[in-house]
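The block underneath contains the structure these notes are about, expressed in structure tokens.
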2 protein chains.
Amino acid sequence: MTRQVVAIMREEILGRAVPLFAKVGFEGVSMRDIATTVGVTPAALYHHFPDKDQLYLAAVEHAFEGKVGPFKSILDGTGSPWERLEAFIAKFARVLDEENDFRRLMQWVMLDSNEERLQRLAHCVFGNLFNALRNVAGELVPTGSTHLLAVSTVGLIIYHFETKAVRRFLPGYEQRREDPAVIAKHVVGLLRNGLESSGPAT
Amino acid sequence: MTRQVVAIMREEILGRAVPLFAKVGFEGVSMRDIATTVGVTPAALYHHFPDKDQLYLAAVEHAFEGKVGPFKSILDGTGSPWERLEAFIAKFARVLDEENDFRRLMQWVMLDSNEERLQRLAHCVFGNLFNALRNVAGELVPTGSTHLLAVSTVGLIIYHFETKAVRRFLPGYEQRREDPAVIAKHVVGLLRNGLESSGPAT
DNA sequence: GTCTATACCATGATAGAC
DNA sequence: GTCTATCATGGTATAGAC
């Protein structure tokens, strides 16, 4: 029963830390910041996590918890490979649009210079999902490199959201084209038939 | 002539600062770090730049100097739109592969929470190149959104390099598929005909 | 399990000698 | 134009009372 209370406080800390790390990254957040946001003193945090590094790692994994499963279900699910891929793209675009913290944390992770953290997150967080996507790619293009195809697919979707903050200041930016459904449709068209048939964006 | 000496020291500082910022980002680098690398004291840096923010901004712009021009030349150059696009993709992949600092700085910029910096860099650094790419996209797909198409094209290429550090720990990673020429060929195939004709990766 | 208090160090930035 | 010296602030982390 004490165990539950401890676990709850742990969750509370992580829940508050995630948006902070998402916004300004590991180096940009201080233990004081997190403590203040949670409503405790910095010393209290050290009762739940040995140091800032471990807290960050736990926060990232917390942010990814439950996120990967649904995507994997879609990719491993029923229907033709194209149907599954399209469903994945639509949902992925929606999640990226709605959950900025999740997306930004992914970006911070990619820039992490710490090999240990990188490896751990690759295995714990990305591994399963990436494999499911590779499987679908393999069904669609038996002769291609599933690794290459999976990366291209994800990059094609995610880059629209990674660059959104900058693109607001670039020419041709239009609010209505930032709808995740529009982006998903565009991406599917491109994957199906290439550029020239990606046609008019709705 | 004193002007020249000053300018040289400025360049020297920026040249040394770029790799530092590229590796650990704005928050990860201290003025002491930069000073040590340059071989002066921190106080000396403040003779050339008013504060850390301005030094960072100058470093980023320094890293992008000369980079944008050649890409723009290719895109604005002669030949069919497809030829120009392919040449751009090939060169872009090569540069991303060779110049890690350049690529990582782009990634840090995308995560910047500072609206001012973001806007300035968008205009000074990305604006021209992005427009040139949009023009080519417009020639290829007169009915499509050039903004969407340009973002997709860049994302399709760049994501292979952004994720490289993580992908090393993911299944299906193969050294020989990390060759920028292989990636460029893969991307061109995808843009030309979509997934199913992206065929076997060389 | 959280607090107060604090040790100890790194940070950005400046003043003033040379 | 660079140095030495220094300041105020804020960083991680710990000790020990409650």
Side-chain angles (χ1 to χ4, degrees), chain A residues 1-60 62 108 111-114 116-117, chain B residues 1-62 105 108 111-117 120:
Chain A
M1 31 181 70
T2 305
R3 294 277 274 280
Q4 282 187 354
V5 170
V6 172
I8 284 172
M9 188 52 185
R10 210 187 121 96
E11 297 278 297
E12 169 73 10
I13 293 170
L14 294 179
R16 303 278 187 174
V18 163
L20 294 180
F21 284 127
K23 186 167 191 204
V24 286
F26 180 78
E27 309 273 7
V29 179
S30 72
M31 294 299 268
R32 281 181 165 94
D33 293 337
I34 299 171
T36 302
T37 305
V38 175
V40 296
T41 59
L45 299 178
Y46 287 91
H47 181 78
H48 300 272
F49 303 92
D51 55 28
K52 189 187 170 186
D53 242 81
Q54 296 299 311
L55 198 164
Y56 173 71
L57 212 54
V60 173
H62 176 82
W108 288 115
L111 280 167
D112 203 327
S113 299
N114 184 326
E116 253 180 283
R117 281 201 293 248
Chain B
M1 32 180 65
T2 305
R3 293 277 275 278
Q4 282 185 355
V5 171
V6 171
I8 284 171
M9 187 51 185
R10 210 187 121 96
E11 295 280 297
E12 168 74 11
I13 293 171
L14 294 179
R16 303 278 186 175
V18 163
L20 295 179
F21 284 127
K23 185 166 190 208
V24 286
F26 179 78
E27 309 274 7
V29 179
S30 72
M31 294 298 271
R32 280 178 165 84
D33 293 336
I34 299 170
T36 303
T37 305
V38 174
V40 296
T41 58
L45 299 179
Y46 287 91
H47 181 77
H48 299 272
F49 303 92
D51 55 28
K52 190 186 170 187
D53 242 83
Q54 295 298 312
L55 199 164
Y56 173 72
L57 212 51
V60 173
E61 283 170 12
H62 176 82
L105 273 183
W108 287 115
L111 278 166
D112 203 328
S113 300
N114 185 326
E115 286 272 305
E116 254 180 284
R117 281 202 293 248
R120 171 157 171 193

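By convention in this document, chain letters (A, B, ...) are assigned in the order of the sequence lines, proteins followed by strands, and residues within each chain are numbered from 1.
What separates CG of Leu55(A) from C1' of dG11(D) is a distance of 15 Å, to the nearest Å. For the pair His47(B) NE2 and dT4(D) P, the computed distance is 17 Å after rounding to whole Å.
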The contact string for nucleotides 3-15 of chain C, one letter per nucleotide 5' to 3', using protein heavy atoms under 4.0 Å with B, S and - for base, sugar-phosphate only and none, comes out as BB------BBBBB
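Using a 4.0 Å cut-off between a side-chain N of Lys or Arg and a carboxylate O of Asp or Glu, Glu116(B) and Arg120(B) do not qualify as a salt bridge.
Paired regions of DNA chain C, where each region holds three or more successive Watson-Crick or G-U pairs whose two hydrogen-bonding distances fall under 3.5 Å, are C:1-18 with D:1-18.
Interatomic distance, Gln54(B) CD to Arg117(B) CZ, rounded to the nearest 0.5 Å: 9.5 Å. Taken to the nearest 0.5 Å, the CD atom of Glu61(B) stands 11.5 Å off from the CG atom of Leu105(B).
A pairwise comparison of heavy atoms in Ser113(B) and Lys23(A) identifies OG-O, 2.9 Å as the closest pair. Here the closest heavy-atom approach between residue Phe21(A) and residue Trp108(A) is recorded as O-NE1, 3.3 Å.
No side-chain heavy atom of Ile34(B) sits under 4.5 Å from any side-chain heavy atom of Lys52(B).
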* Verify side chain to side chain contact (heavy atoms under 4.5 Å, CB included) between Asn114(A) and Phe26(A), making sure each step is shown before the conclusion. => CA-CA 11 Å; Asn114(A) 184 326; Phe26(A) 180 78; over 6 Å; no
Derivation and outcome, side chain to side chain donor-acceptor pair (under 3.5 Å), residues Ser30(A) and Asp33(A): CA-CA 5 Å; Ser30(A) 72; Asp33(A) 293 337; 3.2 Å; yes
